[in-house]
Amino acid sequence: RKPTGIFGAEIVFCAGKIPEGPDNCYGSIYLLKSPQMVTIRNEWQNQPLYVFIRWLNTRYQPGPWSPMYTLEWWKGS
(Lines give C-alpha, C1' and ligand atoms only; values in the text may rest on other atoms or scores of the structure.)
Protein backbone atom coordinates (compact mmCIF):
# COMPACT_ATOMS: atom_id res chain seq x y z
CA ARG A 1 0.00 0.00 0.00
CA LYS A 2 1.25 3.48 -0.88
CA PRO A 3 1.95 5.89 1.96
CA THR A 4 -0.12 9.11 2.19
CA GLY A 5 1.09 11.79 -0.26
CA ILE A 6 2.63 9.26 -2.66
CA PHE A 7 1.68 9.23 -6.35
CA GLY A 8 3.47 6.03 -7.34
CA ALA A 9 6.78 4.22 -7.51
CA GLU A 10 9.67 4.31 -9.97
CA ILE A 11 11.43 1.00 -10.51
CA VAL A 12 14.70 0.53 -12.38
CA PHE A 13 16.11 -2.90 -13.14
CA CYS A 14 18.59 -4.96 -15.10
CA ALA A 15 19.06 -8.66 -15.71
CA GLY A 16 22.08 -10.93 -15.50
CA LYS A 17 24.93 -8.67 -14.39
CA ILE A 18 24.92 -7.04 -10.92
CA PRO A 19 24.72 -3.24 -11.40
CA GLU A 20 26.86 -0.78 -9.45
CA GLY A 21 23.74 1.23 -8.62
CA PRO A 22 20.38 2.41 -9.99
CA ASP A 23 22.05 4.68 -12.57
CA ASN A 24 23.57 1.57 -14.18
CA CYS A 25 20.21 -0.11 -14.84
CA TYR A 26 18.67 -0.04 -18.31
CA GLY A 27 15.02 -0.80 -17.68
CA SER A 28 12.53 1.44 -15.91
CA ILE A 29 8.83 1.45 -15.16
CA TYR A 30 6.42 3.57 -13.15
CA LEU A 31 3.81 1.83 -11.02
CA LEU A 32 0.84 4.06 -10.28
CA LYS A 33 -1.64 1.57 -8.90
CA SER A 34 -1.52 -1.62 -6.90
CA PRO A 35 -1.49 -4.40 -7.84
CA GLN A 36 -0.07 -3.96 -11.32
CA MET A 37 1.26 -6.66 -13.65
CA VAL A 38 4.64 -6.17 -15.31
CA THR A 39 5.77 -8.15 -18.36
CA ILE A 40 9.45 -9.15 -18.53
CA ARG A 41 11.23 -9.74 -21.82
CA ASN A 42 11.82 -13.38 -22.79
CA GLU A 43 15.60 -12.89 -23.01
CA TRP A 44 15.65 -11.88 -19.32
CA GLN A 45 13.99 -15.08 -18.16
CA ASN A 46 16.09 -17.47 -16.06
CA GLN A 47 18.50 -14.65 -15.16
CA PRO A 48 18.54 -12.82 -11.82
CA LEU A 49 16.69 -9.50 -12.01
CA TYR A 50 18.27 -6.66 -9.97
CA VAL A 51 15.79 -4.00 -8.86
CA PHE A 52 15.86 -0.57 -7.18
CA ILE A 53 12.66 1.23 -6.13
CA ARG A 54 11.80 4.78 -5.02
CA TRP A 55 8.57 6.60 -4.22
CA LEU A 56 7.32 9.59 -6.22
CA ASN A 57 5.25 12.16 -4.34
CA THR A 58 2.20 13.93 -5.79
CA ARG A 59 4.50 16.62 -7.28
CA TYR A 60 6.48 13.84 -9.06
CA GLN A 61 9.53 14.43 -6.84
CA PRO A 62 11.42 11.18 -6.20
CA GLY A 63 12.55 9.92 -2.83
CA PRO A 64 15.82 8.06 -2.21
CA TRP A 65 16.52 4.74 -3.90
CA SER A 66 15.94 1.54 -1.97
CA PRO A 67 18.68 -1.01 -1.43
CA MET A 68 19.05 -3.40 -4.36
CA TYR A 69 16.65 -6.34 -4.43
CA THR A 70 17.44 -9.54 -6.33
CA LEU A 71 14.58 -11.48 -7.89
CA GLU A 72 15.13 -15.09 -8.89
CA TRP A 73 12.90 -17.06 -11.24
CA TRP A 74 10.78 -19.73 -9.66
CA LYS A 75 10.12 -22.85 -11.68
CA GLY A 76 6.96 -24.56 -10.53
CA SER A 77 6.56 -28.32 -10.53
Side-chain angles (χ1 to χ4, degrees):
R1 179 170 289 230
K2 295 185 294 191
T4 303
I6 295 299
F7 176 70
E10 177 183 11
I11 300 174
V12 295
F13 57 90
C14 54
K17 182 181 175 203
I18 299 174
E20 293 180 22
D23 292 337
N24 301 105
C25 293
Y26 47 78
S28 68
I29 55 175
Y30 292 91
L31 299 180
L32 306 178
K33 60 183 180 175
S34 178
Q36 189 169 342
M37 184 169 298
V38 176
T39 302
I40 301 297
R41 292 182 182 180
N42 287 337
E43 61 263 27
W44 295 343
Q45 289 185 11
N46 301 317
Q47 297 182 53
L49 195 64
Y50 303 101
V51 178
F52 297 89
I53 304 167
R54 65 181 174 183
W55 292 115
L56 298 171
N57 68 20
T58 54
R59 292 175 295 197
Y60 307 103
Q61 296 168 321
W65 287 110
S66 71
M68 182 178 69
Y69 294 96
T70 303
L71 305 176
E72 298 285 342
W73 293 92
W74 177 74
K75 295 182 181 180
S77 54

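Residue indices begin at 1 and follow the sequence shown.
- In this structure, the side chains of V12 and E10 come closer than 4.5 Å at one or more pairs of heavy atoms.
- No more than 12 heavy atoms of other residues, nucleotides or ligands shown are found within 6.0 angstrom of OH on Y60.
- A 4.5 Å side-chain heavy-atom check between I11 and L31 finds at least one atom pair inside the cut-off.
- One finds the SG atom of C14 at 5.5 Å from the OH atom of Y26 (value rounded to the nearest 0.5 Å).
- For the pair W65/I53, no side-chain contact is recorded, criterion being any heavy-atom separation below 4.5 Å from C-beta on.
- Taking CG from N46 and CD from E72, the interatomic distance works out to 10.5 Å, rounded to the nearest 0.5 Å.
- The six-membered or imidazole ring of F52 lies away from that of F13, with a centre-to-centre distance of 6.0 Å or more.
- Going from atom CZ of F7 over to atom OG1 of T58 covers 9.0 Å, rounded to the nearest 0.5 Å.
- Of all the heavy atoms in Y69 and S66, the pair that sits closest is CE1-OG, 3.6 Å.
- Separating the CD atom in E20 from the CE atom in M68 is a distance of 11.5 Å, to the nearest 0.5 Å.
- Side-chain contact between Y30 and L56 is present, with at least one heavy-atom pair separated by less than 4.5 Å.
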Q: Might you work through the side chain to side chain contact (heavy atoms under 4.5 Å, CB included) test for T70 and L49, ending with a clear yes or no?
A: CA-CA 6 Å; T70 303; L49 195 64; over 6 Å; no
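- Between Q47 and G16, the shortest heavy-atom distance links the atoms OE1-CA, 3.2 Å.
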